[in-house]
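Down below is the structure, laid out as structure tokens.
Read the numbers this way: they start at 1 and go in the same order the structure lists the ligands and their atoms.
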Amino acid sequence: MPPPRSQKPKKTDKRGSRWSPLTPRSTDPWSSFTTTLALIVLLALAYSYAFRTDTTPASVTLSALATDIRAGQVESIAVSGNELTVTYTDKTEKKGKKEPDAALTETLSSYGLTGEALAAVQIEVKDQSGFRYWFFSLAPILLPLILIGVFIWFLSKQMRQGGVQAFTFGQSKARMIDPKDTAQRVTFSDVAGAKEAKEELTEIVDFLKNPKKFLDIGARIPKGVLLMGAPGTGKTLLGRAVAGEAGVPFFSISGSEFVEMFVGVGASRVRDLFQMAKRAAPAIIFVDEIDAVGRVRGTGVGGGNDEREQTLNQILVEMDGFEPNEKVIVMAATNRPDVLDPALLRPGRFDRRVTIDLPDRDGREEILKIHARKKPLAEDVNLKVIAERTPGFSGAELYSLMNEGAILAAREDRKKVAQFDLIRSIEKVMLGPERKSHVLNKKEKEITAYHEAGHALVSSVLPFADPVHKISIISRGRAAGYTLKLPLEDTKMQSKNEFLDDIAVSLGGYVAEKEIFGDVTTGPSNDLQVLTALARDMVTRYGMSDAIGTIAIEGDGGRALFGRGIGERDYSEAMSAKVDAEVKRIIDEAYAKAKHIITEHRSVLDAISRTLVEKETIERDDFEKLLIANGITPKVKKDIEHAVVA
Ligand code: ADP
Ligand code: MG
Ligand code: ZN
């Protein structure tokens, strides 16, 4: 089984596991464990040695001793504390103990010994004030204490290493990449595409390399650079590349790491991080996912986390506190620039903003090339074709695609990655793995077939919709079936007519189900969400509704714009009702269009769904033959680019 896709894009981030943490870490946690264990065993041995009842010389009880003295066999007794060393006339030695706090003679006389009998024995009392005495009297108290101390020391060490950091929670958890560490060095050559971003950042690199040149001429050095872009577009990668190019230490921390369960931790971590960076200057501080702490303050969005606000304030304070010649640059990355606090974007803070777009066709090919570097490719591999078929893919998804291809080849015991592997991986990355085990029953299969046939038919008939590339009723990810469409070109803009046809195509599945079975399933729920959102955007953002007119009443981020909380709109209830009516009108018209096509071409719909039930997947060529056989002319469009309708 290949690992689940969701982990893929993060893979290279896992290079982080090679990052050196700032607290030195012993290479193997077990070694410290065994050292500690050995120490404990040694101490225990010493303890038992010191307090063993010495058995080597035979021991003698007090009553036996009394008998022996009476019998005149004892020559001398040495008393040391409570220990007795008895020397017999035959020169043998025996150990014994006397009662504490009682003189030996007293004790012995209580055993009935007379003074004469005792006088025959030399009794020597030894002084006990030496080291031995103190050691033996203190050790029973001290040794357990030492053992407990060692245990606590060991535990705290383990916790630090395990990342629990219960004893050091105020310290920054930043990882540092040392510029001298060539193994994990990333440079601009590892980042494909993103040309504009790289150009912008080259300036930063220049400054870090040669700050004097800029300072001499009185230029103010940028303090903050904000990288903005969709997830997986390589923001983190670019951050590291800047550090790699400049050859300066790179301190990296994720926004969410500032905020933990203890109040005040975030702010103290920020202080710590900035201090470390200043000590290492010139250096880069990289705050990944800064939206985790940098959201608009005081709106209550995200629970109104006080801790987060304090952390953000501390970041602002630190950035303001930079001396003009302090050679520390703060870089931050986010995929939600719309929710950031305006204070962050003020001049003197993150005033440089670099947008990283999803890669275009050439960019995608370059990214594929980078990730194909260490993979042996078969001769038939054409990365250009793969790049053409992956519009909208992020760098991370392309990385994932390459990796999936390699996994497929390895699973089939081939030594090289073939084009075929890569093509199959496209759909896998786009829609999740095929779920062949997810068996539909006969009825479900029929419904799904009509649903997908509905999408495909409407898409083939409407002039502004994209032609169909593939239809399948094999479930993938969460979709029961899917229809892949090919847009005409790698376009960045879409027109109103295209949107309207798109909405009708999305409705095709719903309409087909309703017309054929007189009932609808939960299947089209995702279609409905997508098309409703699209219709709403047409009305509120793109000025594509005549009734509302050419105004954008909502921004990119929906309603949670700067300084405003969710639910607050800057338009009236009346306007809101008008918007709803327009959205409904657009969808109703698209519905009528789809319904008309489906009733008019009912025989084609039946033919497509019959083939689907039989074969489960129809590729483009077969689909077009099917259309021609039924009197519909397929659109002639270049064989590129996918879009997907589930
Ligand atoms: P982000 O931080 O924007 O979410 P990352 O920098 O973590 O994205 O990118 C994830 C992975 O995707 C990278 O480690 C890299 O393997 C790949 N990747 C993304 N963009 C690019 C690119 N432009 N060139 C090469 N690889 C890329
Ligand atoms: Mg990232
Ligand atoms: Zn659908």
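- Looking at Leu422 and Val385, their side chains never come closer than 4.5 Å, going by heavy atoms from C-beta outward.
- Between Arg361 and Glu365 there is no salt bridge, since none of the side-chain N atoms of the basic residue sits less than 4.0 Å from a carboxylate O of the acidic one.
- For ligand 1, one of its N or O atoms has an N or O atom of Gly234 under 3.5 Å away.
- Scanning for side chain to side chain contact (heavy atoms under 4.5 Å, CB included) contacts around Lys223 gives Met319, Phe322, with sequence neighbours left out.
- Contacts with ligand 1 closer than 4.0 Å are made by backbone heavy atoms (N, CA, C, O) of Asp190 only, the side chain lying farther away.
- Restricting Asp527 to its N/O/S atoms, the shortest distance to the Zn ion (ligand 3) is reached by OD2.
- Scanning for salt bridge (Lys or Arg N to Asp or Glu O under 4.0 Å) contacts around Asp606 gives Arg602, with sequence neighbours left out.
- When only interatomic distances are considered, the shortest N/O to N/O separation between Leu237 and ligand 1 falls below 3.5 Å.
- Looking at Tyr399 next to ligand 1, no N or O pair under 3.5 Å apart turns up.
- Comment: Arg240 does not engage Asp288 in a salt bridge, judged by the lack of any side-chain N to carboxylate O separation of less than 4.0 angstrom.
- Not a single donor-acceptor pair under 3.5 Å links the side chain of Lys198 to the backbone N or O of Ala192.
- Two residues are said to be in side-chain contact when any heavy atoms from C-beta on lie closer than 4.5 Å; Leu626 and Asp622 fail this criterion.
- By the 6.0 Å contact criterion, NZ on Lys375 is enclosed, its count of non-hydrogen atoms from other residues, nucleotides or ligands being greater than 12.
- Within His451, NE2 is the N, O or S atom that lies nearest to the Zn ion (ligand 3).
- Counted within 6.0 Å of NZ on Lys496, heavy atoms from surrounding residues, nucleotides or ligands total more than 12; the atom is thus considered enclosed.
- Here Glu452 fails the criterion, with no N, O or S atom under 2.8 Å of the Zn ion (ligand 3).
- Ligand 1 has no nitrogen or oxygen under 3.5 angstrom from a nitrogen or oxygen of Asp288.
- Both the backbone and the side chain of Val191 come within 4.0 Å of ligand 1, judged by heavy-atom distances.
- Under a 4.0 Å criterion applied to the non-hydrogen atoms of Ala192, ligand 1 contributes the atoms 22 (C), 23 (N), 24 (N), 25 (C).
- The heavy atom nearest to atom 26 (N) of ligand 1, out of those in Lys195, Lys369, His371, Arg364, is found in His371.
- Below 3.5 Å of separation, one finds no N or O of Pro231 facing any N or O of ligand 1.
- Residue-level proximity to ligand 1 for Glu366 is absent, since no heavy atom of it falls below 4.0 angstrom.
- Counting heavy atoms closer than 4.0 Å to ligand 1, residue Ala396 contributes atoms from both its backbone and its side chain.
- At a 3.5 angstrom cut-off on N or O pairs, Gly232 counts as close to ligand 1.
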Might you work through the side-chain contact (heavy atoms from CB on, under 4.5 Å) test for Glu397 and Met430, ending with a clear yes or no?
CA-CA 8 Å; Glu397 279 169 319; Met430 196 152 40; over 6 Å; no
